[in-house]
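To start, the structure itself, in structure tokens.
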Amino acid sequence: MAHEPDGQEREQRPGTRLAWLLRRWWEEAESPPGGTRPTQQALASRLGIDQTTLSRYLNPKHTSTAPPRVVEALHAQLRAPAAELAQAWELCRAALEENSRQGTVGNGPGLTGGTGVADGTGVRGSPGRLRFRWALPTLVAAMVLAFVAGVVVRGQYAPHPRAPEEDAADAVPLSGAPLEWPLLMKREEDQFTRARALQHLLTAHGYEVKADGFFGDDTQDAVMDFQRRNNLPSDGKVGKDTWPALVRTVGPGTDGHAVLALQELLHNTGLGGTEVSGKFTAATTGDLRFFQSRHGLPPTGRADVDTWLALLVFQRPPADTPAYQRSTGPHGVRLPLPRS
């Protein structure tokens, strides 16, 4: 069971209280019948952060404060009580405000000057801090207003197009503008996850196409043949007409290359950690629901046309060498081609 703070601990700084709360979420994650608490390593992978950073966020003795995105993601991944999310947000806001007043960010160095020392104990009144005292309220107020506004509008807006390079998975769309299907066509350069998803979808329709992320002759030939068979303009370009015909509704219990395409896209939305196995597991369902809820979609855990569209739009380029360029092939996954 999680350690419950005593009376003295309840009076501690908001960052410490937040760490106690997050740690309790993690320790009690296995409480529901059949529940299994994830390891910190597995949880960190799902959050898109390293294990050391996560351990700091869950350690009340450490000065690091989990940012709002991580707090929200932990609440969703650990299925913590719904009522405690608002409490966590308030503690997070207060901790960030306090860190700003003290001239610190996370566990960074404090301001020093005169006889005062910023040692993380909350001692105030040092000359070094006073130099910043009147400049910080404006910054703090801006941070608080931005955070509160994000809480109010969370989940209220429909997604809108963003550049692929932006960290779209961390942003809530601010307009009701409709999303647009990305346009893929024959190019020599690596087109990353979108091209691999296209190639997996083509394979799901019976075409022998290597999922390497490069839109070459074989991929273009398969696209043109698919377009002819589906009475679409046979131009070899994959856009607003071809994508909806290619994608398939997939959900729990399904498997195959369409699921591989979904998992590739889901893994590359910014949160990371989705296993690319070709099997639509409970973990895939949970990751997909989280993505849907963050982008104004019904959190059904099933990928329909609207979900595929959002996944294709909110993609990020890989941070390192894509897995498909390693010797084992795409994520080491080798599924048999479907029979025609």
Side-chain angles (χ1 to χ4, degrees), residues 1-31 37-40 43-44 47 49-148 150-151:
M1 293 296 292
H3 173 77
E4 292 295 337
D6 56 26
Q8 181 179 2
E9 288 170 340
R10 291 193 185 96
E11 299 299 321
Q12 287 178 339
R13 297 165 54 192
T16 302
R17 294 167 60 197
L18 176 63
W20 280 118
L21 180 61
L22 300 183
R23 186 170 188 85
R24 177 164 61 78
W25 287 355
W26 175 64
E27 292 184 353
E28 295 181 352
E30 60 186 357
S31 296
R37 182 177 68 190
T39 64
Q40 288 192 15
L43 186 57
L47 299 177
I49 60 179
D50 60 81
Q51 183 179 353
T52 301
T53 300
L54 176 62
S55 296
R56 290 172 179 170
Y57 293 157
L58 301 181
N59 184 0
K61 296 183 180 179
H62 205 278
T63 58
S64 295
T65 299
R69 181 190 73 84
V70 172
V71 170
E72 183 180 3
L74 278 169
H75 184 269
Q77 291 289 337
L78 299 175
R79 294 176 172 82
E84 293 185 356
L85 180 58
Q87 177 188 359
W89 272 333
E90 177 61 25
L91 289 173
C92 181
R93 179 202 63 76
L96 292 174
E97 183 179 353
E98 182 180 69
N99 287 344
S100 297
R101 285 200 305 266
Q102 293 179 348
T104 65
V105 177
N107 61 334
L111 299 175
T112 60
T115 59
V117 179
D119 58 1
T121 62
V123 178
R124 300 177 186 174
S126 66
R129 288 198 189 94
L130 290 176
R131 297 192 193 103
F132 295 88
R133 183 172 184 181
W134 301 109
L136 285 174
T138 300
L139 174 61
V140 172
M143 291 175 62
V144 172
L145 287 174
F147 180 77
V148 172
V151 172

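Starting from 1, each residue takes its place in the sequence as its number.
- Using a distance-only test at 3.5 Å, with no hydrogens or angles considered, no donor-acceptor pair links the side chain of His62 to the main chain of Thr16.
- Put simply, the side chain of Leu43 reaches to within 4.5 Å of the side chain of Leu78, judged on heavy atoms.
- Remark: Gln12 CD to Leu18 CG distance equals 12.5 Å, nearest 0.5 Å.
- Note that CH2 of Trp20 is 8.5 Å distant from CG of Asn59, once rounded to the nearest 0.5 Å.
- In terms of heavy-atom proximity, Cys92 sits nearest to Ala66 at SG-O, 3.3 Å.
- Contact between Thr65 and Gly15 at its shortest, heavy atoms only, is OG1-CA, 4.4 Å.
- Listed here is the closest heavy atom pair of Gln40 and Leu54: O-CD2, 3.3 Å.
- Note that the NE2 atom of His75 and the CD atom of Gln87 stand 10.0 Å from one another [nearest 0.5 Å].
- Note: Gln51 CD to Leu58 CG = 10.0 Å, rounded to the nearest 0.5 Å.
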Item checked: Audit row: Leu22, Trp26, side chain to side chain contact (heavy atoms under 4.5 Å, CB included) steps and yes/no -> CA-CA 6 Å; Leu22 300 183; Trp26 175 64; over 6 Å; no
